There are 2 protein chains.
Amino acid sequence: MSDVQAVAKRTASEKEGDERHEIIYRAVSDAIVEQRLKPGARLREDALAEVFAISRTGIRKILQRLALEQLVTLTPRRGARVTRPTANEAKDVFDARQLVECGLMPEVARRIGTKEAAELRDMAHRERKALREGQQSAAIRLSADFHVRLAQLSGNATLAEFVERLCSRSSLILAVYGHPGHLGCESHDHDDLIGYLEAGNGERARAFMSRHLKAIEASLSMVEEEDDVPDLQDIFGG
Amino acid sequence: MSDVQAVAKRTASEKEGDERHEIIYRAVSDAIVEQRLKPGARLREDALAEVFAISRTGIRKILQRLALEQLVTLTPRRGARVTRPTANEAKDVFDARQLVECGLMPEVARRIGTKEAAELRDMAHRERKALREGQQSAAIRLSADFHVRLAQLSGNATLAEFVERLCSRSSLILAVYGHPGHLGCESHDHDDLIGYLEAGNGERARAFMSRHLKAIEASLSMVEEEDDVPDLQDIFGG
DNA sequence: TTGGCTAATCATGTATACAATATTAATCAC
DNA sequence: GTGATTAATATTGTATACATGATTAGCCAA
């Protein structure tokens with residue numbers, strides 16, 4: 001039995017039965033966000049059902065949830081694949097982040113305390129460490145978690161959940177359009193941001209977050225790779 | 001069979017088979033948004049399965065989708081009910097609308113054309129008509145649709161979908177905390193807004209939308225009714 | 001009547017069986 | 001060898017059966 005199975009079963013017996021689904025959902029979701037499952041990867045129901053030792057019924061429920069969060073794409077009778085975001089979707093996601101994440105900064109600056117700031121600093125620290133040590137997946141996750149935690153500090157659960165979705169999708173976007181090895185967020189950006197927030201300077205934090213997000217978006221190479229019916233004439237010079 | 005034929009056939013079958021679920025989903029979703037199904041109403045799987053003549057499997061899929069959109073609340077082993085939003089959730093939803101809908105106005109003002117403005121005017125017109133004629137459900141739907149259509153005009157599908165969710169939840173909030181007969185949106189607000197947008201005055205539109213949303217929120221009576229263990233001493237004067 | 005116990009009923013959670021469809025492999029004609 | 005046609009295989013879609021847990025009803029005792 002794999003680790004994932006063991007964890008799922010143990011927790012199931014300890015907690016209530018419904019918790020198992022949540023764990024499996026997180027396992028798949030994490031794998032996608034951390035880019036261990038890459039965009040375009042096929043997710044067969046049977047295979048997942050075997051890996052997690054539950055029936056296809058439970059897997060389908062989880063796949064549908066992931067589909068509504070736009071992490072996987074469900075094509076009727078052709079199954080599930082990890083979503084490959086289009087250039088348009090990427091633009092929408094980053095525009096949305098500009099509007100929401102920047103808009104939240106003043107409120108976060110008002111609410112943040114020394115404890116929360118310390119927690120954020122710790123996350124930023126671990127992110128840099130993961131980057132230095134070449135732990136790509138951990139770094140990606142910590143970067144996304146940082147932005148989500150920030151949004152949660154606004155106290156608005158609805159907006160925080162929305163930001164969480166946007167960050168997950170951003171991870172997919174980076175996987176498709178980002179340069180390998182280059183994570184979206186610059187090393188010290190997050191630390192600088194915490195400084196402005198802790199100083200209560202909401203407007204400064206807002207402006208910095210705006211630049212931060214623009215920098216990430218600018219680092220992408222937005223070329224739609226057309227993997228269906230490539231024009232050979234065009235490629236090999238007709 | 002050629003590729004083109006295969007694609008054509010697949011697309012055809014998609015429209016047939018999967019469309020039924022979508023129709024049923026809309027039927028339930030509409031009933032909730034239009035307040036024909038009121039917050040707290042029980043949604044039994046068997047009953048729904050019988051009404052729509054499909055098996056419980058399909059119903060569960062739909063209920064789970066509605067649960068993720070927070071229109072229904074799924075309690076393990078106790079089934080589904082139309083969500084009864086808390087006061088906190090209501091505040092979060094309207095704060096989110098302030099941030100997002102207002103933030104979109106400048107872009108909408110830039111993009112709106114005469115055709116789009118006419119469409120919006122027609123919706124506003126039909127909304128007023130429905131209100132006059134006492135068609136509560138129709139008025140609620142048209143009001144929500146107006147806000148959603150507006151968000152769609154921004155060109156950002158991600159944000160538009162988010163606004164759609166917020167408007168659906170707002171309908172639930174109005175059902176619980178609103179005064180009966182008094183719809184959230186004032187009669188001529190929507191028309192005024194279109195005027196600002198068509199004039200290309202994004203900032204004016206933004207400010208107006210802000211006041212508009214604040215007015216709706218202010219019209220609510222935010223008293224959490226405790227339906228479990230009501231204090232009889234308190235109620236009947238101890 | 002109130003309180004607590006047990007049994008019966010009902011509703012949901014899960015797995016599995018079967019049907020429908022897509023994909024792949026094999027065959028044949030040109 | 002290329003292309004088309006058919007057979008096979010694989011994979012998802014749907015319904016149903018059974019298990020599990022919740023609610024209600026009935027009963028008896030205090």
Side-chain angles (χ1 to χ4, degrees), chain A residues 5 8-25 27-28 37 40-68 72-83 227-229 232, chain B residues 1-25 27-28 37 40-68 72-83 227-229 232:
Chain A
Q5 280 180 14
K9 277 206 167 166
R10 169 155 42 80
T11 313
S13 54
E14 286 170 3
K15 296 226 166 190
E16 286 176 20
D18 200 34
E19 209 74 3
R20 215 174 54 188
H21 279 57
E22 186 67 21
I23 288 170
I24 297 173
Y25 160 78
V28 180
L37 279 171
R42 182 114 181 257
L43 299 172
R44 286 195 304 106
E45 296 181 355
D46 279 338
L48 289 171
E50 192 176 4
V51 167
F52 293 110
I54 61 173
S55 78
R56 276 178 50 216
T57 310
I59 293 296
R60 289 176 69 82
K61 181 171 146 189
I62 288 164
L63 286 177
Q64 264 150 29
R65 177 168 170 193
L66 290 166
L68 286 175
V72 315
T73 302
L74 237 45
T75 315
R77 310 209 182 279
R78 300 199 49 197
R81 285 174 183 275
V82 177
T83 298
D227 44 7
D228 47 346
V229 199
L232 295 180
Chain B
M1 182 186 286
S2 75
D3 281 359
V4 187
Q5 285 174 334
V7 169
K9 197 174 186 186
R10 181 166 66 238
T11 311
S13 61
E14 278 173 21
K15 287 221 169 136
E16 286 174 30
D18 204 39
E19 207 74 3
R20 217 177 52 193
H21 278 58
E22 186 66 22
I23 288 171
I24 297 173
Y25 160 78
V28 180
L37 280 172
R42 182 113 183 255
L43 300 172
R44 289 206 347 272
E45 296 181 355
D46 281 340
L48 290 171
E50 192 175 6
V51 167
F52 294 109
I54 61 172
S55 79
R56 275 178 50 218
T57 310
I59 293 297
R60 291 175 67 82
K61 182 171 145 188
I62 288 163
L63 286 178
Q64 264 150 30
R65 177 168 171 193
L66 290 166
L68 286 175
V72 315
T73 301
L74 237 45
T75 314
R77 311 215 180 275
R78 299 198 50 196
R81 285 174 183 278
V82 178
T83 298
D227 45 7
D228 47 344
V229 198
L232 296 180

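Numbered from 1 within each chain, the chains take letters A, B, ... in sequence-line order. Since the model is a prediction, treat every value here as computed from it, not as a measurement.
- One finds a side-chain N or O of B:Arg44 lying less than 4.0 angstrom from the OP1 or OP2 phosphate oxygen of C:dA11.
- In this structure, of D:dA15, D:dT12, D:dA22, it is D:dA15 that holds the atom nearest to the side chain of B:Thr57.
- For the pair A:Leu37 and A:Leu43, the minimum side-chain heavy-atom distance is below 4.5 Å.
- Residues A:Gly58 and B:Arg42 each lie close to DNA chain C; by heavy-atom proximity, the contact nearer the 5' end of the strand is made by B:Arg42.
- Atom C1' of nucleotide D:dT12 and atom CG of A:Leu74 are separated by 10 Å, given to the nearest angstrom.
- Rounded to whole angstrom, the span from the CD atom of B:Glu45 across to the C1' atom of C:dC10 amounts to 12 Å.
- Nearest heavy atoms, B:Gly58 versus B:His21: CA-NE2, 3.7 Å.
- A straight line from CD1 of A:Ile59 to C1' of D:dT11 spans 15 Å, rounded to a whole angstrom.
- In terms of modelled atom types and a separation under 3.5 Å, the side chain of A:Arg56 and the main chain of A:Asp46 share no donor-acceptor contact.
- Residue B:Arg20 places no side-chain atom within donor-acceptor reach of the base of D:dG13, judged by atom type and a 3.5 Å distance cut-off alone.
- Atom CD1 in B:Ile54 sits about 10 Å away from atom C1' in D:dT14, given to the nearest Å.
- Look at CZ on A:Arg81: it is 15 Å from P on C:dA22, rounded to the nearest Å.
- In this structure, A:His21 does not reach the C:dG13 phosphate: none of its side-chain N or O atoms is under 4.0 Å from OP1 or OP2.
- The CZ atom of B:Arg77 sits 7 Å away from the C1' atom of C:dT12 (whole-angstrom rounding).
- Within the nucleic acid shown, B:Arg56 comes within 4.0 Å of at least one base atom, counting heavy atoms only.
- Between B:Leu63 and B:Glu45, the shortest heavy-atom contact is CD1-CG, 3.9 Å.
- Spacing between atom CD1 of B:Ile62 and atom P of D:dG13 amounts to 14 Å, rounded to whole angstrom units.
- A:Phe52 places its CZ atom 16 Å from the P atom of C:dT14, with the value rounded to the nearest Å.
- Among the nucleotides D:dT12, C:dT23, D:dT14, the one closest to any side-chain atom of B:Ser55 is D:dT14.
- Here the closest heavy-atom approach between residue A:Val28 and residue A:Leu66 is recorded as CG1-CD1, 3.5 Å.
- Among the atoms of the strands shown, base atoms are found under 4.0 Å from some heavy atom of A:Arg60.
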